[in-house]
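Presented below is the structure to which this report refers.
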Amino acid sequence: MAEPTELLALARTFGDTALERWSRLVSLETPSGDADRAAVFGRELAAGLAATADRVEQPPGPGGDHLVAYWNGRETADDGSPAGHTLLVAHSDTVFPAGTVTRRPFTLAEDGDTVTGPGVFDMKGSLVAVELAMDLLSRTGTTPRRPVRLVVVNDEEIGSPDGSRLVARHAEGAHAVLGLEPPLPGGALKIGRRGVARVRLRVRGVSAHAGLDAALGVSAIDELVDQLARLRATADALPDAALNVGTISGGTRANVVADHAEAEIGLRYATAETERALMSALLEPSPVRERAALSAEKLSHRPAWAMDPANPLAAELTTLAAALGLALPLGSSGGAGDTNLTGALGIPTVDGLGPAGAGAHGEDEHASLSSLLERAALVATYLNTH
């Protein structure tokens, strides 16, 4: 069984290999919802993982194929069945439109450590790190202690409307969940996340001439404005709640009472109680105007994962990192991800095990090669020992 320091030393010899693989994955652009590009990327990723995995599957989805890889473990449960597995959670899609990499290609800075390019931090560096982690175990003749599953969804950046079912399915029976999202500033692990939901609120009114017969009409726009004001007041009265009206549309002309209007609303919440209050206000609205009709549609949803400073999985990883000479601070994220689900279910979960960096979703996105190698060694060490 490989020693932690042996795995770290070996990882640090793979800098050039990791850079080449990182560049390759970044060059294959994967904007959410682009099934053709997802297919090309999926084949590339599957081929890389197949070098060590016992099985790789590519379950289909509306935006293209997702990916699930399996590795056997060396331990079994008391009844001889496989021990509870470790679930690794990642995503392949990025927020950048196709063509971004032509304008802003993968680049290694003069410091020999910082890389830039669309998706280097969120989160193609993480995919390189997990490939390397499994390769480190293979090269040292080590089988993971427990079975390992890696789920890579292709729609995380739009709320995992389809990918969340895969995460939920493979979370069943999991011993622990390691999220490979980028870390917090300073490389901190995430041990809690605010919940997020998107809801579309629609209003049907009654059209009429705005000058001659205004009283005969019911303005859907006026009703929508009043509903949003109500929602704002509800959110302001709740702890750790945030509400953002992202889009509004409706009406036809200034001289016609609007008979339709809608808004897409983003919600954030830190507790299940706040989530229930916000969702009740949105999904069960009562009209202000007698003849107005309201309907609400939940577009995406991630439950709140409350931060627990005593998270035992985080404590185990912190101890392992210290044995490698690495600092591993902890924190909570204001953003949501696929680990919201597993954390909210009470499965031991941490996230942020991707390489350190900054600038996710922006022009200055960057990440650290040395951190990628260290994270690969840390993940390999955990899978070897836990």
Side-chain angles (χ1 to χ4, degrees), residues 87 89 91 122 153 155-161 163-165 167-169 171-172 174 176-186 188-201 227-246 263-286 296-318 328-353 360:
L87 177 61
V89 178
H91 66 86
D122 189 12
V153 304
D155 58 356
E156 191 278 338
E157 295 293 4
I158 55 173
S160 300
S164 59
R165 66 181 173 84
V167 176
R169 180 189 307 167
E172 294 180 7
V177 178
L178 305 184
L180 300 171
E181 286 277 5
L184 295 168
L189 290 187
K190 302 168 183 177
I191 57 171
R193 284 181 173 275
R194 293 175 83 185
V196 172
R198 290 187 303 122
V199 176
R200 180 178 291 120
L201 179 62
Q227 291 293 330
L228 294 177
R230 276 184 174 182
L231 290 169
R232 176 67 63 193
T234 298
D236 288 346
L238 293 169
D240 300 313
L243 180 150
N244 179 63
V245 180
E264 185 173 320
I265 302 160
L267 306 173
R268 295 182 185 271
Y269 36 84
T271 66
E273 293 75 20
T274 297
E275 174 188 351
R276 283 193 292 270
L278 284 173
M279 296 305 288
S280 176
L282 252 175
L283 298 179
E284 302 169 13
S286 58
E297 176 188 7
K298 189 187 295 184
L299 302 175
S300 66
H301 167 255
R302 285 176 168 144
W305 166 27
M307 178 176 174
D308 177 10
N311 183 313
L313 179 56
E316 291 168 351
L317 285 162
T318 301
L328 198 61
L330 307 175
S332 181
S333 174
D338 288 319
T339 50
N340 278 63
L341 174 61
T342 61
L345 288 172
I347 303 170
T349 300
V350 299
D351 205 343
L353 278 162

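Within the model, atoms CG of Leu180 and CG of Asp338 stand 11.0 Å from one another, a figure rounded to the nearest 0.5 Å. Taking CG from Leu282 and CG from Leu231, the interatomic distance works out to 4.5 Å, rounded to the nearest 0.5 Å. Between the OG atom of Ser300 and the CZ atom of Arg200 there is a distance of 10.5 Å, given to the nearest 0.5 Å. In this structure, Leu283 CG and Glu297 CD are separated by 10.5 Å, a value rounded to the nearest 0.5 Å. Note that the CG atom of Asp240 and the CD atom of Glu273 stand 11.0 Å from one another [nearest 0.5 Å]. With rounding to the nearest 0.5 angstrom, the NE2 atom of His301 is 6.0 Å from the CE atom of Met279.
Heavy-atom minimum distance, Ala296 versus Leu201: CB-CD1, 4.3 Å. Here the shortest heavy-atom pairing between Ala242 and Arg194 reads CB-NH2, 3.6 Å. For the pair Leu184 and Leu189, the tightest heavy-atom approach, listed with the atom from each and the gap, is CD1-O, 3.9 Å. Smallest separation of non-hydrogen atoms from Ala272 and Ala304: N-CB, 4.5 Å. Considering all non-hydrogen atoms of both residues, Gly192 and Ser332 come closest at O-OG, 3.3 Å. Closest non-hydrogen pair, Ala176 versus Leu313, comes out as CB-CD2, 4.0 Å.
Counting heavy atoms from C-beta outward, Leu228 and Ile265 have side chains that approach closer than 4.5 Å. Side-chain contact check for Asp236 versus Arg232: some heavy-atom pair is nearer than 4.5 Å. Within the 4.5 Å cutoff, no side-chain heavy atoms of Leu87 are placed close to those of Ile347.
Arg198 places no side-chain N or O within 3.5 Å of a backbone atom of Glu264 that could act as its donor or acceptor partner. With Thr274 contributing its side chain and Ala270 its backbone, the two residues share no donor-acceptor pair below 3.5 Å. Judged by distance alone, with hydrogens and angles left aside, the side-chain atoms of Thr339 form no donor-acceptor pair with the main-chain N or O of Gly337 at under 3.5 Å. Looking at Arg193, its side chain does come within 3.5 Å of a backbone N or O of Gly335 through a donor-acceptor pair. Between the side chain of Asp351 and the backbone N or O of Lys190, no donor-acceptor pair lies under 3.5 Å. Using a distance-only test at 3.5 Å, with no hydrogens or angles considered, a donor-acceptor pair links the side chain of Asn311 to the main chain of Thr349. Side-chain N or O atoms of Asp155 include one that pairs as donor or acceptor with a backbone N or O of Gly163 at under 3.5 Å. Judged by distance alone, the side chain of Thr318 and the main-chain N or O of Ala314 form a donor-acceptor pair under 3.5 Å.
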**Request:** Evaluate side chain to side chain contact (heavy atoms under 4.5 Å, CB included) for Arg302 paired with Ser160, printing each intermediate quantity in order.
**Result:** CA-CA 9 Å; Arg302 285 176 168 144; Ser160 300; 2.8 Å; yes

**Message:** As a quick check of understanding, evaluate side chain to side chain contact (heavy atoms under 4.5 Å, CB included) for Val196 and Asn340, giving each step before the final call.
**Reply:** CA-CA 9 Å; Val196 172; Asn340 278 63; over 6 Å; no

**Asked** Please walk me through it: do Ile191 and Asp308 pass side chain to side chain contact (heavy atoms under 4.5 Å, CB included)?
**Response** CA-CA 7 Å; Ile191 57 171; Asp308 177 10; over 6 Å; no

**Request:** Give the C-alpha distance, both sets of side-chain angles, the deciding distance and a yes or no for side chain to side chain contact (heavy atoms under 4.5 Å, CB included) between His91 and Asp122.
**Result:** CA-CA 9 Å; His91 66 86; Asp122 189 12; 3.2 Å; yes

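Contacts of Thr234 classified as side chain to side chain donor-acceptor pair (under 3.5 Å), with partners at least two apart in sequence or in another chain: none.
A donor-acceptor contact closer than 3.5 angstrom links the side chains of Ser286 and Arg230.
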